[in-house]
Participant: 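First the structure, which I've put down as structure tokens, then a few questions once you've had a look.
What you see below is based on every heavy atom in this structure, not just the backbone, and it leaves out hydrogens, waters and symmetry mates. The model shown is predicted, which means the values in this text are computed figures rather than measured ones. Lettering follows sequence order; numbering is per chain, from 1.
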Number of protein chains: 2
Amino acid sequence: MDGDVRAGLGHLDSTSDRAVFRQIADQLRDAIGRGRLSEGEQLPSEAQLIDHYGVARMTVRNAIQVLQAEGLVVAEHGRGVFVRPRPPVRRLAADRFARRLREEGKAAFIAEAEQAGSTPAVDNIVIREERPSPDIAARLNIKGKVLARHRRCLLDGRPVETATSFIPLEIARGTPITDPNPGPGGIYARLEELGYHLGHFEEEVRARMPDPDEAKVLLLAPGVPVFHLIRTAYDTDDQPLEVCDTVMATDAYILSYRLPAR
Amino acid sequence: MDGDVRAGLGHLDSTSDRAVFRQIADQLRDAIGRGRLSEGEQLPSEAQLIDHYGVARMTVRNAIQVLQAEGLVVAEHGRGVFVRPRPPVRRLAADRFARRLREEGKAAFIAEAEQAGSTPAVDNIVIREERPSPDIAARLNIKGKVLARHRRCLLDGRPVETATSFIPLEIARGTPITDPNPGPGGIYARLEELGYHLGHFEEEVRARMPDPDEAKVLLLAPGVPVFHLIRTAYDTDDQPLEVCDTVMATDAYILSYRLPAR
DNA sequence: CAGTGGTCTAGACCACTGC
DNA sequence: CAGTGGTCTAGACCACTGT
């Protein structure tokens, strides 16, 4: 026995040309993958790993940092390093903007959350007139100003997405769409009441690492990417009515879509 | 003047409680964001940053590592650190599995690539019978074995995705689906020839950091997440015919979907 | 308080790139 | 060859957590 630091970690292969910190990362990753270290469980402390492997502290820290960048572990100052718990994941259905939901008086985010038994919340609401970016202007096919509706959405107290809707000011001005709470069914319901008939949505999905602001607002752990969605709502004449720019925590969502076979 | 290391980097705020390496990362990130350092351009070397800020090497390296984890820069051993070039992005259309493409004799990946003016390629093809994972078995609603068709797809020489299709062995056995090259239109065309009528597809989209194997096969830079798609093909009776598990480089793709409004 | 991770220094040697 | 980043050591001091 060699003071095995639990989890059955092995030895270093000094003949290998693989860097020591990578070998340590490999062994910890393997322990996590095999379930010898399970979700939420604490990894051996830096001091224990230093003893076990007989290396300098930076070597151990480099190993742990590799795992952090992979999203496998989270370090908590003063407490330890833990296998990253997988938060509950919400599956966004392909029909999440179906009219029946609006008719039930639910905005999409609220409806989805309640259907899944979670408690939704919305904060950081900012509504103002803006000159749109060239990209937004092009998507809306307009030259003038827009109404921008920004908010952050939370599930069971955990921030999961920020979103900004852009609506041509010509459409939004003087309507409940300019209110912080636009009423039952959300702004899509208001648009339909105003005589705009929603035809379909187009959604573009990207994924990337968050910038520091996004990581802060969404309380993202290192190694957790974001979805960046840009959704355009079209009326039945294929005229754009709204663009919604959304940044979502990828550890909180699975996006689901239905594709036609013809 | 203080040997300004190009790019107009500023000074450290010693009164700030923000860590020095984060301040350095902030300044470099800002320089990139403002275009003072543009795509592909080389950052000041570690030695230059050490001189400029008067800090230890590890401090500078920590700063650069922050930017790497954000996907903003790539380090090349012996050459320097460079603002990560944005590779050309392929937009995957919502109708990419439309029948007309199969009838034109193109598999989806090939059709998409050629339509966009790129040169597609496929390698690492492995086809074999397997006992499916519980998840795959459940999606296919079967108990028996599957035919697994694995491949890696490249655009203009750059690997962009790996994919594995799972087809119930009962369906695939003794058909061209078991061939490395299943013929024009891909396996979906073969399925239809066999009398299965494709009705629709359901696609689940996740994003996460790659594991080391995925990073290697897709030549992913640090800080580049992957899309993980699981697509199920259904026939017109809503019976599953195939499941395709795909891992894609997120810096190579924008996924595009059409959502119904009712 | 002891134990944890966070930051930083000052060096060393190595491996890769390009002239 | 000089210049670059990659790895590693051996320390120091700090900040946070929990007892």
Participant: I need the CD-P distance between Gln42(A) and dT17(D), as an integer number of Å.
Facilitator: 14 Å

Participant: Mind calculating the distance between CD (Gln48(B)) and C1' (dG3(D)) to the nearest angstrom?
Facilitator: 10 Å

Participant: Under 3.5 Å, is there a donor-acceptor pair between the Arg151(A) and Thr164(A) side chains?
Facilitator: no

Participant: Once you apply the 3.5 Å cut-off to both distances, tell me the Watson-Crick or G-U wobble partner of dA2(D), or none.
Facilitator: dT17(C)

Participant: Roughly how many Å is it from CG in Leu43(B) to P in dT4(D), rounded to a whole number?
Facilitator: 13 Å

Participant: What nucleotide among dT4(C), dC8(D), dG5(C) has an atom nearest to a side-chain atom of Glu46(A)?
Facilitator: dG5(C)

Participant: So, does the side chain of Arg61(A) form a donor-acceptor pair with the base of dT7(C) at under 3.5 Å?
Facilitator: no

Participant: Using the rule given for side-chain contact (heavy atoms from CB on, under 4.5 Å), can you reason through Leu229(B) versus Leu255(B), listing the C-alpha separation, both sets of side-chain angles and the distance that settles it, and then say yes or no?
Facilitator: CA-CA 11 Å; Leu229(B) 270 58; Leu255(B) 309 178; 4.0 Å; yes

Participant: For dA12(C), which nucleotide is its Watson-Crick or G-U wobble mate, given both distances must be under 3.5 Å?
Facilitator: dT7(D)

Participant: Side chain of Ser45(B) only, heavy atoms from C-beta on: which candidate in dA10(D), dG5(D), dG5(C) is closest?
Facilitator: dG5(D)

Participant: Does a side-chain N or O of Thr59(B) approach OP1 or OP2 of dT7(C) to a distance below 4.0 Å, or not?
Facilitator: no

Participant: Let me know the distance between CD1 of Ile50(A) and P of dG3(C), rounded to the nearest Å.
Facilitator: 14 Å

Participant: For the side chain of Arg79(A), starting at C-beta, report the closest nucleotide among dC8(C), dT17(D), dG6(C).
Facilitator: dT17(D)

Participant: So if I take residues 18-28 of chain A and measure heavy-atom distances to DNA chain D, which residues fall below 4.0 Å?
Facilitator: Ala19(A), Val20(A), Phe21(A), Arg22(A)

Participant: Could you tell me how far apart Arg57(A) (CZ) and dC8(D) (P) are, to the nearest whole angstrom?
Facilitator: 17 Å

Participant: Report yes if the ring of His77(B) lies under 5.5 Å from the six-membered base ring of dG6(D) with planes under 30°, and no otherwise.
Facilitator: no

Participant: Looking only at non-hydrogen atoms, find the nearest pair between Arg158(A) and Ala249(A) and report the distance.
Facilitator: NH1-CB, 3.5 Å

Participant: Show, in sequence, the C-alpha distance, side-chain angles and deciding distance for Asp13(A) and Thr15(A), and conclude whether the side-chain hydrogen bond (donor to acceptor under 3.5 Å, both in side chains) test is met.
Facilitator: CA-CA 5 Å; Asp13(A) 176 0; Thr15(A) 72; 2.5 Å; yes

Participant: Rounded to the Å, how far apart are Gln65(B) CD and dT7(D) P?
Facilitator: 10 Å

Participant: Among dA10(C), dG5(D), dA10(D), which is the nearest nucleotide to the side chain of Val81(B)?
Facilitator: dG5(D)

